[in-house]
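I have placed the structure first, in the form of C-alpha cells, so that the comments after it can refer back to it.
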Amino acid sequence: MAIIIKTAEQIEGIRKSSQLAAKTLKHLEQFVKPGITTLELDAIADAFIAEHGAKAATKGYKGYKHATCISPNDVVCHGVPNDYVVKDGDIINIDVTCILDGYYGDTCRMYEVGNVSDYAKKLVQVTKECLRLGINECKPGNHLGNIGYVINEHAVKHGYSVVFEFCGHGVGIRFHEDPQVDHVAKKNTGPVLRPGMTFTIEPMINAGKARCKVDRKDGWTARTIDGKLSAQFEHTLLITEDGVEALTDVYGDF
Ligand code: MF3
Ligand code: CO
Ligand code: CO
C-alpha cells in the first residue's frame with residue numbers, strides 16, 4: 001500500500017473531522033472527575049459526536065463496540081470503557097476517532113484527576129514533549145524515521161521506555177493507512193515526507209518496561225507488563241509545503 005497524498009478537498013474534510021475529534025476531548029474535560037465510570041464517559045463522547053453529525057470510527061471496528069478508548073494509569077491503550085470508577089490521583093487517556101462526511105480524524109490526550117503525584121505528572125509532561133518533538137520533525141524532505149528517533153531519545157533521557165507494539169498511522173480516507181509511524185526508529189530511515197500526507201503521531205511512554213499485555217477477557221485493553229504507569233498523546237498531522245499543521249490541536253499547544 002502506498003502513502004496517499006490528499007487533495008485540497010480531502011484535506012478540508014480531514015481537518016473538519018479532526019477538529020470534531022479534538023472538540024470531543026475538550027468537551028469531556030468537565031466530566032473526567034472522581035466518581036464517573038469510563039462507560040459513562042464513553043456515552044457522553046458518543047452523544048457529542050452524534051450531535052455533530054458524525055460517528056465514532058471505533059464503533060464496529062474489528063468488533064470493537066465503543067466510541068472511545070479510555071486508558072487509566074497502567075493501561076497503555078485500547079482501554080475498553082467499563083464500570084471502572086475514576087478516582088482522585090488517576091491519569092487517564094481518552095482516544096477519539098471521528099468519521100465526518102467520510103473523513104477520519106484521530107486524537108488522544110491525558111487527563112489528570114485531582115491530586116496527581118509528581119511522579120505521574122512528570123510522565124504526562126514528558127510524553128507531551130515527546131509528541132511535540134515528533135511534530136517538529138514533520139516537514140517536507142525529512143525522513144519519517146526521524147520522528148521515532150527523537151521521541152525515543154527524549155523518553156530514554158528521562159528514564160522512560162517507548163511502547164513499540166502499537167504505532168502511529170496514516171489516517172484520513174481510512175482509519176489506518178500507510179505509513180506505519182514507529183515511535184522508536186533510526187535516524188534518516190523510512191519514507192520521505194511530502195505535502196499532502198496525513199498521519200498520526202501517538203507515542204505511548206511507560207514509566208517502567210516497554211512491553212504490554214492485552215487483557216484476555218476483553219481482548220483489547222493493553223496494560224504495562226510491570227503494572228507501572230503509561231501515558232499517551234496523539235495528533236493527526238498534515239504535512240504542508242513548508243512544515244506541518246496539527247489538525248487536531250484545538251488547544252493551540254502544538
Ligand atoms: N484510536 C486508536 C488509534 O489511535 C485506535 C483504536 S482502535 C480500537 O489508532 F478498536 F481499539 F478502538
Ligand atoms: Co491513531
Ligand atoms: Co487514536
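Since we're looking at a predicted model, the values are computed, not measured. Order of listing sets the numbers, starting from 1, for every ligand and every atom in it.
- The number of protein N, O or S atoms lying under 2.8 Å from the Co ion (ligand 2) is 4.
- In this structure, F166 has no heavy atom closer than 4.0 Å to ligand 1.
- Between T38 and N82, the side chains place a donor N or O and an acceptor N or O closer than 3.5 Å (distance only, hydrogens not considered).
- The ligand atoms of ligand 1 that sit less than 4.0 angstrom from a heavy atom of E234 are 4 (O).
- Looking from atom 5 (C) of ligand 1 to the surrounding protein, the closest heavy atom is F175 CZ, 3.7 Å.
- At least one heavy atom of H176 sits under 4.0 Å from some atom of ligand 1.
- Defined by atom type and a distance below 3.5 Å, a donor-acceptor pair is missing between the side-chain atoms of T189 and H143.
- Neither side chain, E9 nor T7, offers a donor N or O lying under 3.5 Å from an acceptor on the other.
- Remark: the Y61 side chain and the H66 side chain contain no N/O donor-acceptor pair separated by less than 3.5 Å.
- For D90 and Y84, the side-chain atoms include at least one donor-acceptor pair closer than 3.5 Å.
- For ligand 1, none of its N or O atoms has an N or O atom of Y61 under 3.5 Å away.
- Under the 4.0 angstrom criterion for non-hydrogen atoms, D106 is in contact with ligand 1.
- Counting heavy atoms from C-beta outward, N206 and Y160 have side chains that stay 4.5 Å or more apart.
- If you number the atoms of ligand 1 from 1 as listed, the ones under 4.0 Å from a heavy atom of T97 come out as 1 (N).
- Here F166 and H78 bring their ring centres to under 6.0 angstrom of each other.
- Distances from ligand 1 to the non-hydrogen atoms of E202 include at least one value under 4.0 Å.
- Annotation: H169 places an N or O atom under 3.5 Å from an N or O atom of ligand 1; distance criterion only.
- Among protein heavy atoms, the minimum distance from atom 8 (C) of ligand 1 is reached at W220 CZ3, 3.8 Å.
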Exercise. Would H154 and V126 satisfy side-chain contact (heavy atoms from CB on, under 4.5 Å), going step by step from the backbone distance to the final call?
Worked result: CA-CA 8 Å; H154 192 63; V126 170; 3.8 Å; yes

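- Counting heavy atoms from C-beta on, the side chains of F199 and I239 come closer than 4.5 Å.
- Between the side chains of H169 and D106, at least one donor-acceptor pair of N or O atoms lies under 3.5 Å.
- Given atom 12 (F) of ligand 1, the protein heavy atom at minimum distance is T58 CG2, 2.9 Å.
- Judged by distance alone, the side chains of D83 and T37 never bring a donor and an acceptor atom under 3.5 Å apart.
- Relative to the ring axis of F254, R132 places its NZ or CZ within 45° and under 6.0 Å from the centre.
- Shortest contact from atom 2 (C) of ligand 1 to any protein heavy atom: D95 OD2, 3.4 Å.
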